[in-house]
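Quick notes on the structure that follows.
Below, each value reflects all heavy atoms present in this structure, side chains not excepted, and no hydrogens, waters or symmetry copies. The shown structure was predicted, so the numbers you read here are calculated from the model rather than taken from an experiment.
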Amino acid sequence: MRLLVISLFALFLSLMLVISGNSYLLTLTGVQLGSSGVSPTKVGYIMTGYAVGFVLGALYAPRLLLKVGHIRSFAALASLTSMAAISYPLTDNLIIWGILRVVGGFSVAGLFIAIESWFSAVASDQNRATLFALYQVAAYSASAGGQLMLDLGVSTGPNIAFTLGGLLLMAAVIPLSISRMQSPPMENAQMMSPRRLWSRAALGLYGAFSGGILIGGFYALIPLFGTLTQRTNTEIGQLMSTSVLAAMLVAWPLGWLCDRVSRSNVLFGVSLTGLAMGIIAFLFSAQNAIVLIICCAVLMAGVAAVYSISVAITNDLVNTEERVGASSTLMLSYGIGSILGPLGGSWLMQTFMPEALFLGFAATLLLLAGFTRYRQIQIPPLSVEEQEHFVPAIPEAQINVEFDPRTEDLPDTPLEELFPEDMQQDIVAEADLSETSEAEPANSENPTDLRGDETQTDPNNNKETR
C-alpha cells in the first residue's frame, strides 16, 4: 500500500506538470505571435498544428508505448516536447513554428496516454470514482495555474518564457522515473467506424465535433484576441485561468443535472446559454473587461460541457464492449473540430474584427442547438431511468475506459504486475500483520505466539518454529 500511495503521488505530480506546462505554452504561443504582428489567419494555421499533432498522437502514440514501454516512451516524449518548446525563439520562420506545434501536440497526446494507462492499471471498483474525481481536480487546477504564469514568463523575454514551459514539461519525467512502477498492460483499441457511430449516436458524434471547434478555437485564439484588443499579459492570464476554473466548478453541477434531466435537453440549454454569452461578448467585451471575463468564463464552462455531454449521450446508446471504439471515434471527431476551430475563428478575426471570434462561437452553438432539437424530434431521447451515470470528460486528456467510474466489471490489474519485487514483500508483510491482528484475541493467554498458529519443535536446534 505504501508503494501504491507513493506511485499515485508521482502520477499526479507528473500529470500536473504536463498540463501546466502545456496550457502555459498554448497561451504563450498565441500571445507571442500576436505581439509580433503576425496576422490572425497565419496564427490560426500555426495554432492548428497542435490539434493536428494531438490527433496523430492519439492514433499512433499507443504503438510506441507498446513497443518500448511506458517509462522509456514517457521520457522520450517529454524530452521531445521540451525540445520543441525551447526551439521557438531560435527562429522567426512561421512554418517551423507550425511544425513545432505539431511535435508538441503529438508528444503531449502520448504523455497523457502513458499517464492514464498507469491510472487505469491502479484503478479498481473501490477506488475508481475517487481517483477519477482527483484526476479532474488536478487537471483543471494545473491548467488554471499554467495560465497564471503567463505574465511572469512574458516579462522575462521570449527565450526564458519558452524555456520555462520546456522546464515544466521536462520536470514531469522526474517523478515517474524514480517511481518503481512498471509498464502497465494495455491494448490497442479498435476504432468504431464513424458511419456506424453516426447511425447509433449522431448527436454524440456531432456534439464532439462542435466541442472540438469551440474548445480548440477558445484555447488557440482567446490569447490572440486579448493581444489584439490591447489587454495586458496579466489580464490575459487571468481571463484564461478564470475560464478554466469556471469549467471545473460547473462540471459537477451539470453532471448532477444530467443524471436527473434528459441529456439532450441539457445540451440544448448549454448551447443556448453559450450562444447568449457569445453575442454579449461580441457587443460589449471591447468596452468592459468585467463583461469579457464573465462571458468567457460562462462560455468556457458551457463549451467544455458540450464534449462531456456528447460522450455521455454516446455511452447511453452503445453497448459496453463498444465504448472503447466509440470513444476513439469521438476523439477523432473532436480532433477534426479542433483543427477547424482556430482556422475559422482566425479568418473571422482578420476579415472583420477581433470580436467576430465570439460570433463564430455563437454560430457554432446555434447550429448545435438546432441539430439537438432536430434529433429530439426525429428520435425521442432516452428516459432518465435508462441513462448511464454521468461522468465529466476532459477531451485534452482522454480517459481510458478502464479508468471511467462507469466501468465496474473489468478485471483489476494485480498490483504485483506493477511492483514485481517490492509488492511481494509488502503483501507478505501486510498478510503477516493481518493474521497477527486476527489471532490476538484468541491467543491472549500465550503472548509469545503472536500468530496463534500451532508451533512445533525443530529437532535440529530445539527451537520453536512455524
Side-chain angles (χ1 to χ4, degrees), residues 1-24 54 57-58 61-62 64-66 68-82 107-146 167-187 248 391-405 407 410-423 426:
M1 184 59 67
R2 175 180 56 85
L3 289 175
L4 179 60
V5 172
I6 293 174
S7 297
L8 282 175
F9 176 77
L11 282 172
F12 276 111
L13 185 56
S14 291
L15 170 73
M16 296 184 72
L17 287 169
V18 168
I19 292 181
S20 60
N22 186 52
S23 62
Y24 165 76
F54 196 92
L64 177 65
L65 271 65
L66 287 169
V68 302
H70 284 58
I71 290 290
R72 291 187 180 90
S73 299
F74 191 91
L77 292 170
S79 300
L80 185 61
T81 190
S82 299
S107 302
V108 168
L111 294 176
F112 282 144
I113 292 171
I115 291 175
E116 289 162 10
S117 297
W118 270 303
F119 272 116
S120 298
V122 300
S124 65
D125 291 349
Q126 290 72 37
N127 66 15
R128 187 176 288 112
T130 301
L131 284 179
F132 186 81
L134 292 174
Y135 184 99
Q136 296 269 325
V137 173
Y140 278 118
S141 301
S143 181
L167 289 174
L168 285 171
L169 291 166
M170 198 63 209
V173 178
I174 299 174
L176 287 177
S177 295
I178 62 178
S179 169
R180 286 181 259 184
M181 291 185 73
Q182 307 297 315
S183 294
M186 65 177 296
E187 299 178 358
M248 179 181 72
V391 176
I394 304 177
E396 290 82 4
Q398 178 64 13
I399 302 298
N400 289 326
V401 68
E402 293 87 355
F403 192 27
D404 193 321
T407 306
L410 292 175
D412 296 335
T413 302
L415 292 181
E416 293 91 334
E417 294 185 14
L418 300 179
F419 308 98
E421 298 177 359
D422 303 273
M423 278 304 299
D426 269 16

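- Looking at Leu8 and Leu134, their side chains never come closer than 4.5 Å, going by heavy atoms from C-beta outward.
- Listed for the Thr81 side chain is no donor-acceptor partner under 3.5 Å among the backbone atoms of Ala78.
- One distance of note links CG of Leu169 with CG of Leu77; it measures 11.5 Å at 0.5 Å rounding.
- Here the shortest heavy-atom pairing between Gly110 and Leu65 reads O-CD1, 4.5 Å.
- Residue Ser107 comes nearest to Leu80 through the heavy atom pair OG-CD2, 3.4 Å, listed as atom of the first residue, atom of the second, then distance.
- The side-chain heavy atoms of Leu131 and Tyr135, taken from C-beta on, include no pair separated by under 4.5 Å.
- Considering only heavy atoms from C-beta on, Ile19 stays 4.5 Å or farther from Val108 through its side chain.
- We find the CZ-OG distance between Phe74 and Ser79 to be 10.0 Å, quoted to the nearest 0.5 Å.
- Contact of the Trp118 side chain with the Leu176 side chain is registered, since non-hydrogen atoms from C-beta on lie closer than 4.5 Å.
- Nearest heavy-atom pair, Ala109 versus Ala58, reported as atom, atom and distance to 0.1 Å: CB-N, 3.8 Å.
- Under the 3.5 Å distance criterion, the side-chain polar atoms of Ser82 are matched with a main-chain donor or acceptor of Met170.
- Expressed to the nearest 0.5 Å, how far OG of Ser177 lies from CZ of Arg72 amounts to 11.5 Å.
- Looking at Ser14, its side chain does come within 3.5 Å of a backbone N or O of Ala10 through a donor-acceptor pair.
- For the residue pair Ser23 and Ser143, the shortest heavy atom distance occurs at OG-O, 3.3 Å.
- Closest approach of Ile113 and Gly57 over heavy atoms only: CD1-O, 3.9 Å.
- For Phe12 and Phe119, the distance between ring centers is under 6.0 angstrom.
- For the atom pair NE2 of His70 and CG of Leu111, the computed distance is 11.5 Å after rounding to the nearest 0.5 Å.
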